[in-house]
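Note on naming: letters A, B, ... go to the chains in the order of the sequence lines (proteins, then strands), and numbering restarts at 1 for each one.
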Amino acid sequence: MEIQLDQSSSPFNLEHTLRCGQLFRWEKMGDWWYGIVGEKVVKIRQINDRLVFQAFPEKVYANFVENYFRLDDDLPFILSRIGEDKHVRRAIRCFGGLRISRQDPWECLISYICATYKNIPAIKNMILNLSKRFGRKITFNSHHFYTFPKPSDLAHASLEEIKGCKLGFRAVSVLEASKIIDRGEFRLEDLRKMDYEKAKHELLSLPGVGQKVADCVLLFSLDKLEAFPVDVWMKRVILDFYPDYFEDSFVERVVGKSSITPGEYETIGSFGRRYFGEYAGYAQEYLFLLSRSQGENMNI
DNA sequence: ACATCCCCTTAGCC
DNA sequence: AGGCTAAGGGGAT
């Protein structure tokens, strides 16, 4: 199957989208990207304006790919809004066509609980371990892939089994959150129809979910494009590019710290939403990629 | 080689 | 209330 893109009305860059650190389940082999999405392996490549894809064991159609990569977002409009800022405009020139993905909320939640205080290669490794141990094996093009475990798979695992996937202290949060989701006490899909603030408040009640994890889940899986995740990279970028929007004492206090308090997180996050508007999450992704590429430490 | 720091932070303690 | 600290283990320097 393939999708014909119109780069002027609907720009898309597969490479930037898969390399920007929002997704942990994609790997490039030769000219093709292979990813595990739900119960399927998806193989995809972009050749100029063509997106060519194939899935196994079940087929997927254009609407599946369009939904996953949010090709329904009006990207030219979004970029014109956030691109009023000169730093974001520079990021857009470098990484135009980057899109936020629409992930499965359950997988996204567990992935970002695992992401706590970890670098991206290590996060990928933990998720692969969980999937090998608790997911389903799919062999395609003579490569082995493993689907992401379902809530009941993790909820009924022992703490030791989950720790065996190299999750460290995150294992307790992953197990407890899985039990809550599996028992039906927390319905992730219900968050989609709530506003950003309410949905975030709900997510914060889950173990292992702080503001950063909540914002990532809301942005990458629940259509809250105003979510503005603040990690150490984003803290640096914001204080570096926009110091005049904060009190001098705030900048002085926060700039040298490797971690930030919940209050400081809120200050930076609400600046992002106020300054960039309803598509703050898109601005965050462009700035995130820019900050990481500048240091040349693209350990993604 | 090898030590040391860092990591898309959270939660528990005081 | 808010500052301090511990918590896997792998990657980067």
I need the [atom1]-[atom2] distance between [X] and [N], as an integer number of Å.
X	N	atom1	atom2	answer
Q103(A)	dC8(B)	CD	C1'	13 Å
L203(A)	dT9(B)	CG	P	17 Å
L167(A)	dT10(B)	CG	P	15 Å
M126(A)	dG9(C)	CE	C1'	9 Å
M234(A)	dC7(B)	CE	P	13 Å
Y265(A)	dT9(B)	OH	P	10 Å
K124(A)	dG9(C)	NZ	C1'	18 Å
R292(A)	dC8(B)	CZ	P	5 Å

- Query: Does any donor-acceptor pair link the side chain of K212(A) with the base of dC8(B) at a separation under 3.5 Å?
  - Reply: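 A donor-acceptor contact between them is present.
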- Donor-acceptor pair (no angle test) under 3.5 Å: K118(A) side chain, dG9(C) base: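 Per atom types, the contact qualifies.
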Mind checking whether [X] and [Y] have parallel, tilted or perpendicular rings, split at 30° and 60°?
X	Y	answer
F145(A)	Y34(A)	parallel
F69(A)	F12(A)	tilted
Y275(A)	Y242(A)	tilted

- Query: Can you list every pair that meets ring pair (Phe, Tyr, Trp, His ring centres under 6.0 Å) and has a residue in residues 175-220 of chain A, with sequence neighbours left out?
  - Reply: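 Of all non-adjacent pairs touching residues 175-220 of chain A, those that pass ring pair (Phe, Tyr, Trp, His ring centres under 6.0 Å) are Y112(A)-F220(A).
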Between N or O atoms, less than 3.5 Å apart, protein on one side and nucleotides 2-7 of chain C on the other: list the pairs.
none

- Please figure out whether E285(A) or L206(A) has its closest DNA chain B nucleotide nearer the 5' end.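 Closer to the 5' end of DNA chain B: E285(A).
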- Looking at residues at least two apart in the chain, or sitting in another chain, which of them share a side chain to side chain donor-acceptor pair (under 3.5 Å) with K43(A)?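 Only N141(A) meet the side chain to side chain donor-acceptor pair (under 3.5 Å) criterion with K43(A).
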- Task: Go through DNA chain C and write down every stem, that is, every run of at least three consecutive Watson-Crick or G-U wobble pairs with distances under 3.5 Å, as range with range.
- Result: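 For DNA chain C the paired stretches long enough to count as stems (3 pairs minimum) are B:3-7 with C:9-13, B:9-14 with C:2-7.
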- What is the distance from atom CD of Q46(A) to atom NE2 of H16(A), rounded to the nearest 0.5 Å?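 Nearest 0.5 Å value for the CD-NE2 distance: 10.0 Å.
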- Message: I need the K59(A) NZ to K40(A) NZ distance, nearest 0.5 Å.
- Response: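 Output value for this atom pair is 13.0 Å.
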Counting the atoms with a prime plus P, OP1 and OP2 as sugar-phosphate, which does [X] contact under 4.0 Å by heavy atoms, base, sugar-phosphate, or nothing?
X	answer
V213(A)	sugar-phosphate
Q22(A)	base
P207(A)	sugar-phosphate

- Message: The test is salt bridge (Lys or Arg N to Asp or Glu O under 4.0 Å); show your working for E189(A) and R192(A) and say whether it passes.
- Response: CA-CA 6 Å; E189(A) 283 298 333; R192(A) 212 183 283 279; 2.9 Å; yes
Rounded [atom1] spacing from [N] to [M] in Å:
N	M	atom1	value
dT13(C)	dC8(B)	P	12 Å
dT9(B)	dA12(C)	P	16 Å
dT10(B)	dG11(C)	P	23 Å

- Task: Only counting residues at least two apart or in another chain, list the ones meeting salt bridge (charged side-chain N to carboxylate O under 4.0 Å, His left out) with D190(A).
- Result: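 Listed in chain order: R187(A), K193(A).
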- Among dG9(C), dG11(C), dC8(B), the one nearest K166(A) by side-chain distance: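 For the K166(A) side chain, the nearest candidate turns out to be dG9(C).
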- Is the glycosidic angle of dG10(C) within 90° of 0, making it syn, or outside that range, making it anti?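 Nucleotide dG10(C) adopts anti.
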- Taking only residues at least two apart or on different chains, which pairs with a member in residues 97-108 of chain A satisfy side-chain hydrogen bond (donor to acceptor under 3.5 Å, both in side chains)?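 Checked against side-chain hydrogen bond (donor to acceptor under 3.5 Å, both in side chains) - neighbours excluded - the pairs reaching residues 97-108 of chain A are S10(A)-R99(A), Q22(A)-S101(A), N67(A)-R102(A), D72(A)-R102(A), R102(A)-D223(A).
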